[in-house]
Structures are given as structure tokens and as C-alpha cells.
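Encoded as C-alpha cells, the structure appears first; notes follow it.
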Amino acid sequence: MSDRRPSIVERRPSSALSSRRPSIIPQLEGIEKPNTPNLPENMNVDVLICGTGLINSILAAALSWQGTSVLHIDSNPYYGDDSATLTIEQIKNWFIGSKFNKTGFKNYKNIHLYINDNDFNIVSKDYGIDLSPKILFPRSSLLDLLIKSRVYHYLEFQSLSNFHTFENNNLGKLNANKEDIFTSNEIDLNSKRKLMKFLKFISSPVIELPDNLPKDISIQNFLKKNFKLDDKLINEIIFTLGLINNPKIQLIDALNKIKRYILSFNIYGNFPTLYSKFGGPGEISQGFCRSAAVAGTIYKLNTKLKSYDFENKTAILNDGSNIKINERIISSLNQSINKPENCKFYEISRIIAIVDKSCNEWFQDGESSSIIIFPPNSLNSQNEYPVQCLIMGSETGCCPKGRSIWYLHTIAPTINDIAINDLNSALLKLEENYIRESTFNFNEFNDDDLNYYNNNKPILTESGSMKLSKSLLDFKFKFSNERINYLMKLSFTQLTNIDQLNPENINGYNKEILKTDNNIIIVNMPSSELSYDGIVEEAKKIYKEIVGDDSDFFNVDFEDEEEEIEISNELDAEIKAEVEEIINVDNNQTTQSNQQSEEFEMELES
Amino acid sequence: MNRQRSKQSQFKIVLLGESAVGKSSVVQRFVKNSFDEYRESTIGAAFLTQSIHLSKNDILSSGDNDNSITTDTIDDDGITVKFEIWDTAGQERYRSLASMYYRNANAAIIVYDITQLESLDKAKYWIKELQRQANKDTIIILTGNKLDLNDERKISIDDVNEFTSIYNLLNFEVSAKTGENVNQLFKDIAIKLVIKNLKSNNNLNTTNKHSNTINLNQNTNNTTNDQNCAC
């Protein structure tokens, strides 16, 4: 620790500590209504950060470790701000606060909350509900930062393998793993070759586009013309693998998004993504705040900025404290006192549902989470934009056994109820498909209709999720009285200051830094991007604005240095080699795939 | 954070209590057997690990053993318990501990200062907070620090006994400065947790919940220096 710069706690004179201690407290006072000590008088900090959302929390930790003194406050009694993970009680309070009591900016609208605590015994703290859920690619800047900052010590991560695509009224799982492609009975040999050709192209360290490419060619046309892929595969590649939510995305950006999925395989095991247990961005925010606290950041929840005198650099908080600000104030938009000029609002619509089903049918064995994508025009609502769904089961630590949380969102416009119609339409399809899968009676059918897989367990496809063959599609299942009950259904439109429909805003962010007229830096609201991509870059952008340079962003010498993770270029080469190997032996599919699965057996921590 | 986890019992302990009652000092004494007179507040190491070995006899002769645990239940070598000890990193000062802090805590040591009357009252706030945020079965140990300043004592052990019997808590008095009772505190916690585990599932593997967890740092070769890591 001796090499570290003195943190603010170390620098503070002892007198400040003792002066805070009240003299005598009567017996039992402080139990029902605890006295929160006041901040020291004449406190001065380099940076005040308002809101403990993920970007703000990363910033607090980065600045703090760099030696900047930071006071980090949040108007809520919990961490996470607009990316919080909330209990049911907190959701209720959030709802009331957002709908009725909200002072300042309303960053949510069209909020509807239904909680069925008549039919269900709901224990509030059994649930962790994310206001903006996200998943983590093993090949990503946030993952690198989690390791570098050691914040991963505070968190638990689990794998997420199943990416389903909804099509023709069915959920199918795309076999994007190379060995799966070759065992798939669904894809004919010709398509397999084309798909492998594309995977080879996308896996190369630098994507080289053909010279004769028409200007502004869409990703859809590029895949169709250059790789002769069919529409079904194209949809799966763009929207499910790429998790692209804007069909108007530019070609090179789209290819990079597809590439991150392919490259993320086999870094930690044979799966493309991870999620953090007990909650997403809300949980990771807490981790970074803890890291910031270790480095000296002072935390005070239930506290907000009331006014800021830019000339005298004095901030007044709602607890009455006067804080001298040496450098800057950073604030999330919804906890800011001033609205930046020229700030327009754009929309992300979400539904969060808690259902009385485990949804294990949708998860890979040993996992508890899956992605389901409804590509454009796959729903009865004729959706122009995809609907992205994240299903979280009980092993995620976010809900009790026998329950699951369904997160749906879209960037479709809310005008004429387009977005909510798309979301409800997707929700209905999820229900229908789940009931069909979970109540399906195999004895009703001839063996010819079924494929057998692995442990002789009949399923209708090899994917783990059912896809009904054509003859079965029209079958009316007799368990129609089976239904899904909702313990909670929350729908809302989250506003953001960045146009999510503009394809230039990659990951839903842009390069600008928003400021109020009294020079408060405004942190962008959560974007519509389902992965954490773009978050670290947002934090770095603001860090650079304050420190002048981002070269020492989390450049920390910890006491006992762990070897930092190195994701080298060798990996790219490795994947390339694999692809070629598989192509060479594709006649010998089965043996090859068995070997591969053994080699890539997921390495779990014991 | 490595494979050895499954070979021993691992428990999470959290520290709670007002600032300046000596939470970190107690842990420092236990983990590093050191004491820093001028420690002002929690710096640096917010996450410490330390192992403690229990002999077969430690467990069998414990007052917590109601004879349901017999000599056959335990290996002759005894049991090694590894503690993951979370310090507050100062986030308790303005009542801003995160829910992450309380999660899956097997035991909570609530520290007060026997020379500061109000520190016991404040400790009650933390008990309430624990009951609100932590699991029901988290073992709570109310621990009076600064036993070396017995002459300046403001809180009598009888008062504390009365209080802890109402709330059904354990209590202890230690001195982080001299080290008195510190190891005994952790050893008692270890025995309690081990016996509780043996009773509930006859199975010392507390790491079931980690079985699907991916270690993000598994790509690196260095997993050795897990002890006393400052995170």
C-alpha cells in the first residue's frame, strides 16, 4: 500500500473524525431512525459524482485510484441509479417516485406496474430486478477492466449459452459454435459450407471487406450477395449472434458486433457470454463503488445535489452540507439540477415480467439464463425493430425457485403504441412457446417425428429448445388450460439523450460530452445495447475530460500484483485454425465434434 | 478463488459497527497479527482471507455440539476453515453499505468500543440493518473492542449480556491492540459455523453456490497468492 497515493481518507485531518461524533445518545435511539452522521464541515473534494449508475461508479473508482478525491452521492437509498438491481419493494418505490414524486427530470414515462401479491406470496428481497439488464462478452473492455481493477473478486459470473431466434412461430437455437454446426441436422451441407465461409471471414483479426462492394451496402445484402446465405440464417446472424437492435446499422459496425460473439467463444469455455449473479449493472456498480471506497471515495446515499455555484465552486447538498468542489461535478441526467441545453430525448421501451415458471426448458443444462430474439417482422405486430429478450432463472440468484424473470426491450418508437405492441406481441409468443414446450407430451407422437439426442431424451430438435416440425406445427396441444401467471409485470419507456435509432451511435452512445450551463458533466443514460459494450468507453471519455489523459485509467499497482489477463492475438489465430480444421474434416462430423466438445469442455471453478 | 476451495470450508464474514471502534484493527490482528495505533480508517485491504484449523476435539468438545456430531462425523485431521473477511471500506460511515456487502454472509462481527457508551447503541442499528438485509441464519457476534483500556470502560459486560440475550446474539470482548481474545473470537465463529453446517447437511461443502461460477481470472497462471490479498 505504501506506493499508492494518499487517498482522501488518509489526507483528512483527525479532527474531522472526532468532531462528527455526537456526544451522548439516549438509550435505543438510533434503532428505529438511525442518525446518519453529517459530512464534515468545510469539506472539499476534487470531484463530486451524483448518481451511482455503472458509468458513474467506474468513474469514481478510476478517479479515486488515480488520486483524485471523490465524493459520490445518490438520491436513492440504494446503489445503481438508473441501472440499479431492485427488490420488489424497491420497484414499488421506484414506480411511485418515477410516476408521481419525481422532481427534476422525468426519465421514465408510460410506466405501468402490476404486482399479484394476492395469489402469490412474494418475498421482496428474493428478487433482484434490473432496470437495464445486460450480459457480458468474454472479449470485451468491461471484462478486461473487471480483472484489471480486481472488481471481479466481489462478483460471481455464470455462463449463458442459449441464443434462440423466434421464427415461424417457433423458437430455434442457432448453432453458432463450429462443432454444433456440423452436427446440426437442420442445416444442409451446402449451407454449412457457406456459413463456415462466413465464420472464417469474420474470425480474421482484421476484417477485410471486398474492394468492389457497393457503397452503403447493408449487412443484410452483404451476407446475401457475398456469402449466399438464406434469409433465415441472415436474421439469426445479425440479430441473434450480433445482438443488433437497429436494422439500419452500418456494415462494418454490424460485422464487428457479430465478430465479438464468435471471438468470445472458448475464452472461459464453450459459451459466448456471461452474466453477473444476483443482478447485472446494479451489481457491477456496487463492485466498482466498493473499489472506489477502498481507494478513498466517500459514499453517501439518500443524498442529492441541491444547487451548484459555479463561480465559487460550491455545491450545496440536500442534507445541508456545503462542499467545495476543486474540479468538477459529474452527474447522471436524472439526478442533475440543470438540464443541458439542446438535450433531446429518445426512447427505449421495456417490459419486465416475473412468471411462475422455471423456464428451464429454455436453458442449457447447468445454466439458468437465455437470450431470445424476435427479429424484424417476426411478430404479429409486424415489428420493424427486433425485440430482445433476456430470460433469467432462479440459479441467477435473482428470483426464487420455480420462477423466472423475463426482460424484453425494443428501440421501436412509442408513437401509435408501436413499441408496446411489439413488446406485448413478443410476450404473448413467449407464453405460447413456453406452454407448448413445457406441456408437450412425447407419447402422443411417432418416433419418426422426433430426434434423439445425447442421453436418449427425445426432443424435437437437437438444440435443447423445441422446434416443431411442419407436421406438428398445426397440432393443437391439449393442455390448453395450462397457463403462465405473472407475479409482476412492469412496462415503461426509458428516456435517453442519445438517438438509439441513429446507426452512427454505436452501442447507443456517441463521442460528445454533455454539459450543463454551469459546467456539470452529464453522464449518458443506459443505452439499448444488451451487452456492456460501450460502458467503459463512456467512463474513459469523461475521465479524459477531467484528468486530461486516459493513459492512467485504472493504472493501479496493487500490493500483491496478480498477473493481468492477456488476451493475445494468438487466440484469433487459434480460432482461425479451428475453423480450417473443421472445414477439412466435415465429412467426419460426429467424431470430430465429440473430440471438440471434450477439448472445449467448460472449465468451471470448483 | 481457486480449486482448493472445495477441500475446505469457506465462510464469508462481514464487519459492521461505527467508524473508529476498531473493526479493521480486529481483522488486522487476526489476519496479519499486527496492530497500527494510528490507523485512521479502512485503507486498502477491504477483503482479506485467513484460514484457521480446528482439531477434531475442538469441534466435539464445543458447547454447541449437542452430541449429534460424533467422532465418526469428522476426519481425524480436523477441519480447515477459510474465512473471507469483508471490511466496510468506509462505506458504513454515512450508512451507505451496498446490498452486495451483506449477501451470503455466514457471520457478522458487530464491533463496538467498550470505552464509548454510544458505540453500543450504534451497534444496535447495525443489528437491525443486518436483520433487514442479510440472511436470517447469519450468525451475529457483538464484539467489544479495546479491552486493553479496561480502566476506561463505560460499558459493562452485564449490560451487554442482557442485551444479547434478548436479541439472541453471541458476545465477545477483545483487544486488537494486545491481541487478547482475537484468535479465540474467530475460532469460536469457525466452530459454530462448522457445527451448524454439519448439522444442517452433514456436508462441509459450503461452496455449492459457487459450482457454476466462472473464474474470470482463470486465464492467468498465477492463482497462488490468494492469502491476505488486498483487493
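Here the structure is a predicted model, which is why all the values come from computation and not from measurement.
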Given side chains that start at C-beta, do those of A/Q286 and B/S99 come closer than 4.5 Å, heavy atoms only? yes
Compare every heavy atom of A/D130 with every heavy atom of A/G282, then report the nearest pair and how far apart it is. N-OD1, 3.8 Å
Does a side-chain N-to-carboxylate-O contact under 4.0 Å join A/D319 and A/K300? yes
Heavy-atom distances under 4.5 Å only: say whether B/R103 touches chain A with side chain, backbone, both or neither. side chain
Honestly, the part of B/E129 sitting under 4.5 Å from a heavy atom of chain A is neither
Under a 4.0 Å threshold between the charged nitrogen and the carboxylate oxygen, would A/K277 count as salt-bridged to A/E395? no
Are A/Y532 and A/F137 an aromatic pair, judged by ring center distance below 6.0 Å? no
A/K125, part contacting chain B, at a heavy-atom distance under 4.5 Å: side chain
Which atoms of B/L97 are under 4.5 Å from chain A, going by heavy atoms: the side chain, the backbone, both sets, or neither? backbone
Check each atom of A/F157 against the heavy atoms of chain B and say whether the ones under 4.5 Å are side chain, backbone, both or neither. both
